[in-house]
A.B. asks: 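Encoded as structure tokens, here's the structure I'll be asking about.
Because the structure is a prediction, the values reported are computed rather than measured. As the structure lists them, so they are numbered: ligands from 1, and atoms in each ligand from 1.
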Amino acid sequence: MPPRSRLPAGHEHLAQILFAQGFGARRECEGLILHGLVQVKGEVVDDPDAVFPEDRLELVVDGMPWVTHVKALIVLNKPAGYECSLKPGAWPGVHNLLPVPLRRRGLQPVGRLDQDTTGLLLMTDDGPLLHKLTSPKHHVPKVYEVTCKYPVTPAMCEKLLKGVVLDDDPMPVKADAAEAVGEGETCHLRLTLLQGKYHQVKRMVAAVSNRVEGLHRSQIGRLILSDELASGQWRWLEDPKLVLP
Ligand code: URA
């Protein structure tokens, strides 16, 4: 067995690959392999020290198809009733919606959605990418579909575009929308924001004397949440450039 230091770049022992993907402690991963429960590209491999490329390797682990991702970046269609906090309180955490290997890898939400907000949430275990995606220097547009209590008037949209003062805080701050589009004079508002302040949509809508009754994030950067991803489901995001400026 070649020691890890002599492995070709980007290659690893199978047991180590499973461990890094979140399939359990090293011993558990070795056990899965020794018991014939791991397939690589459709073939059972029962040698924990067999060497494979560690990224984008097609596995089936104890019946679960899995394509390895050295760094995970996922899109989750968040349902209402889940918290983004790592230590959730009254509501279950969004981590509960992920399969066990991703839960073990400790993915972090990229920014937060409120418990009652639905839609597009990114999660990653890639520290530098998380930093880039959450940096206030990066202005990635985020689109929210807002159901308001009262009809959305052109005057409200104008004020949101010009900027409103969020004065429900000891330190009032100004916030503006990059786009604010009402649908006739219905209660629907599409709001595009470049910042991500605490409860920003709800507070901006309150500042124009309306009230958020439903909030759904439909887009981040060039990534649009498609109908193919049902509420509560996740998928890999292979191209982080879609959500970078
Ligand atoms: N703005 C809010 O008020 N809530 C969210 O969940 C996201 C943006």
A.B. asks: Do L113 and L133 sit in the same hydrophobic cluster, where Ile, Leu, Val, Met, Phe, Trp and Tyr count as joined when their side-chain heavy atoms come under 4.5 Å apart?
C.D. replies: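 Cluster IDs for L113 and L133 differ.
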A.B. asks: Can you tell me which residue and heavy atom of the protein come closest to atom 7 (C) of ligand 1, and the distance to 0.1 Å?
C.D. replies: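 That would be Y144 CE2, 3.7 Å.
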A.B. asks: Give the residue and atom name of whichever protein heavy atom lies nearest to atom 4 (N) of ligand 1, and the separation in Å to one decimal.
C.D. replies: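 Its nearest protein heavy-atom neighbour is D114 OD2, 2.7 Å.
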A.B. asks: With heavy atoms of H199 as the reference, note each atom of ligand 1 found under 4.0 Å away.
C.D. replies: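 Counting atoms of ligand 1 from 1, those under 4.0 Å from H199 are 1 (N), 2 (C), 3 (O).
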A.B. asks: For F19, check side-chain contact (heavy atoms from CB on, under 4.5 Å) against everything at least two apart and list the hits.
C.D. replies: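 Testing F19 for side-chain contact (heavy atoms from CB on, under 4.5 Å), a comparison that skips the adjacent residues, returns Q16, R26, C29.
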A.B. asks: Taking non-hydrogen atoms only, is V201 closer than 4.0 angstrom to ligand 1 via side chain, backbone, both or neither?
C.D. replies: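 Both the backbone and the side chain of V201 come within reach of ligand 1.
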A.B. asks: Is the contact between V212 and ligand 1 made by the side chain, the backbone, both, or neither, using heavy atoms and a 4.0 Å cut-off?
C.D. replies: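 Neither part.
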A.B. asks: Check whether the side chains of E145 and S218 place a donor and an acceptor atom closer than 3.5 Å, and report yes or no.
C.D. replies: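 Yes - a donor-acceptor pair under 3.5 Å links their side chains.
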A.B. asks: Is the ring pair W236/H69 parallel, tilted or perpendicular, if the boundaries are 30 and 60 degrees?
C.D. replies: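 Correct class here is parallel.
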A.B. asks: Should you measure from each heavy atom of T117, which atoms of ligand 1 turn up under 4.0 Å away?
C.D. replies: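 By the 4.0 Å cutoff, the relevant atoms are 4 (N), 5 (C), 6 (O).
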A.B. asks: Quick check on contacts: which atoms of ligand 1 are under 4.0 angstrom from a heavy atom of Q200?
C.D. replies: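 With Q200 as reference, the close atoms of ligand 1 come out as 1 (N), 2 (C), 3 (O).
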A.B. asks: Check this for me - ligand 1, R112, N or O atoms closer than 3.5 angstrom, yes or no?
C.D. replies: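 No.
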